[in-house]
Novice: 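Sharing a structure below in structure tokens format, with a few things to ask.
Below, chains carry the letters A, B, ... as their sequence lines are ordered, and counting in each starts from 1.
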Amino acid sequence: MPELPEVETLCRQLQNKICGSQILSSKVYDDKLAGSGKIRGVKVLAVERKGKTIVMRLNDDSSLLIHLRMTGRLLWLASSHRPKYGRWRISFDEGSIFLVDPRRFATVKVEMTRNEKAANDLLTGFSEKTFLNTQARRKVNVKILLMDPKAIAGIGNIYACEILYSTGISPLRQASTLSMKEWKKVFNHAKRILKKGIAKRGTSISDWRDLYGCRGENQNELKAYGQEGKICSRCGGAICRIKQGGRSTFYCPDCQK
DNA sequence: AGAACCGCCTGCTTGC
DNA sequence: TGCAAGCAGGCGGTTC
């Protein structure tokens with residue numbers, strides 16, 4: 001599923017492909033996305049990322065916001081022929097971008113730029129001080145907090161597991177019990193792991209593909225997520241799988257304390 | 001107020 | 001082999 005590194009990969013490709021281009025037409029194939037169908041004649045000024053949201057800046061003071069949720073993908077095709085699970089499309093002179101989404105969770109909306117809300121995106125203007133003041137004493141498990149988009153935007157299940165594994169902190173720890181030193185460690189490891197994910201062009205475990213249908217390489221770097229029963233690379237223990245908030249958490253109970 | 005839970009979805013995996 | 005049940009989970013909304 002697309003998290004910060006995957007969305008960043010897409011945004012960079014989109015920026016290269018459509019920055020400065022005019023949207024000639026758009027088409028909605030799924031009633032759930034009705035309301036995002038009348039985009040035409042505007043130019044794309046830039047493509048940015050906010051957490052896991054793709055933000056296309058348009059030249060009429062609005063932005064097109066695309067959130068892929070679980071199984072959403074954006075696919076560039078030279079033809080405007082709808083692929084399987086195609087839910088929405090915008091077309092340019094040289095080709096079309098399709099939102100492909102089997103599960104239909106993805107969302108598309110247009111928002112006036114002046115109504116835009118700031119996101120606590122870890123790689124762009126994240127305030128550690130604000131986080132420590134408003135989030136760090138919460139009584140939820142640290143893993144749940146890392147995945148809370150209001151606390152930090154962009155981290156999903158895969159990277160939350162990898163970040164905590166890297167820091168040696170148990171996902172079961174209550175957020176309020178982490179020391180200042182441990183929080184600093186979480187921030188630093190999180191940034192490093194997300195940047196590495198971007199450099200590897202995302203984690204293609206199941207669904208993730210880039211704008212041109214290519215897989216990333218970060219799935220080969222995973223130390224915890226999906227590694228149930230495998231040997232911990234740090235201590236030789238066994239990676240375990242538990243449930244937190246209805247989601248799978250993978251961690252090493254022997255060296256994550 | 002804040003923590004926990006629910007619902008949206010449908011392809012894939014598992015079990016009988 | 002075939003079918004049904006269970007699973008996957010981001011996140012906004014609801015409930016406790």
Novice: Would you tell me if any nitrogen or oxygen in the side chain of A:H67 comes within less than 4.0 Å of OP1 or OP2 on C:dC11?
Specialist: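 A:H67 to C:dC11 OP1/OP2: side-chain N or O found under 4.0 Å.
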
Novice: Under 4.0 angstrom, heavy atoms only, what part of the nucleic acid is A:K84 near: base, sugar-phosphate, or nothing?
Specialist: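 Here A:K84 touches no strand at all.
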
Novice: Between atom CZ in A:R103 and atom P in C:dC11, what is the gap in whole Å?
Specialist: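 Atom CZ in A:R103 sits about 14 Å away from atom P in C:dC11.
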
Novice: Answer yes or no: are there more than 12 heavy-atom neighbours, outside A:K195 itself, under 6.0 Å from its atom NZ?
Specialist: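 Not more than 12 within 6.0 Å, no.
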
Novice: With a strict under 4.0 Å distance from non-hydrogen atoms of chain A, what nucleotide opens and what nucleotide closes the contacted stretch of DNA chain B, reading 5' to 3'?
Specialist: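 Listing 5' to 3', DNA chain B meets chain A from B:dA3 to B:dG11.
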
Novice: What integer distance in Å separates A:I152:CD1 from C:dC11:C1'?
Specialist: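 It works out to 16 Å between those atoms.
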
Novice: If we count only N and O atoms by modelled type, under 3.5 Å, do the side chains of A:T71 and A:R69 hold a donor and an acceptor together?
Specialist: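 Their side chains do not contain a donor-acceptor pair, so the 3.5 Å distance test is not met.
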
Novice: Tell me: CD1 of A:I242 to P of C:dC7, nearest whole Å?
Specialist: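 To the nearest whole Å, that distance equals 17 Å.
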
Novice: Let me spell it out: for each of A:I144 and A:R69, pick the nucleotide of DNA chain B with the closest heavy atom. Which residue's pick is nearer the 5' end?
Specialist: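 Its nearest nucleotide being more 5', the pick is A:I144.
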
Novice: Could you work out, with side-chain contact (heavy atoms from CB on, under 4.5 Å) as the rule, every residue matching A:N133, not counting sequence neighbours?
Specialist: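 Per chain and number, A:N133 pairs via side-chain contact (heavy atoms from CB on, under 4.5 Å) with A:K129.
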
Novice: Rounded to whole angstrom units, what separation is found between the CE atom of A:M1 and the C1' atom of C:dC7?
Specialist: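 About 12 Å, once rounded to whole Å.
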
Novice: Does the ring of A:Y85 carry A:R73 above it, NZ/CZ under 6.0 angstrom from centre and within 45° of its axis?
Specialist: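 Verdict for A:Y85: no cation-pi partner in A:R73.
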
Novice: Among residues 104-135 of chain A, which ones have heavy-atom contacts with DNA chain B below 4.0 Å?
Specialist: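 Residues of residues 104-135 of chain A that come under 4.0 Å of DNA chain B are, in numerical order, A:R104, A:F105.
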
Novice: Can you tell me if A:Y225 touches the phosphate of C:dG9, counting only side-chain N or O atoms and a distance under 4.0 Å to OP1 or OP2?
Specialist: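 Yes, such a contact exists.
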
Novice: Over how many whole Å does the gap from A:L65 atom CG to C:dG10 atom P extend?
Specialist: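 About 20 Å, once rounded to whole Å.
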
Novice: Could you see if A:L65 belongs to whatever hydrophobic cluster contains A:W88? Use Ile, Leu, Val, Met, Phe, Trp, Tyr and a side-chain cutoff under 4.5 Å.
Specialist: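 Different clusters.
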
Novice: Would you say C:dA8 has OP1 or OP2 under 4.0 Å from some side-chain N or O of A:T71?
Specialist: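 A:T71 to C:dA8 OP1/OP2: no side-chain N or O under 4.0 Å.
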
Novice: Whole angstroms only, please: what is the CD1-C1' distance between A:I66 and C:dG10?
Specialist: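 Whole-Å distance recorded here is 17 Å.
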
Novice: Against the six-membered ring of A:W76, is A:K17 placed for a cation-pi contact (under 6.0 Å from the centre, within 45° of the normal)?
Specialist: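 Yes, A:K17 lies over the aromatic ring of A:W76.
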
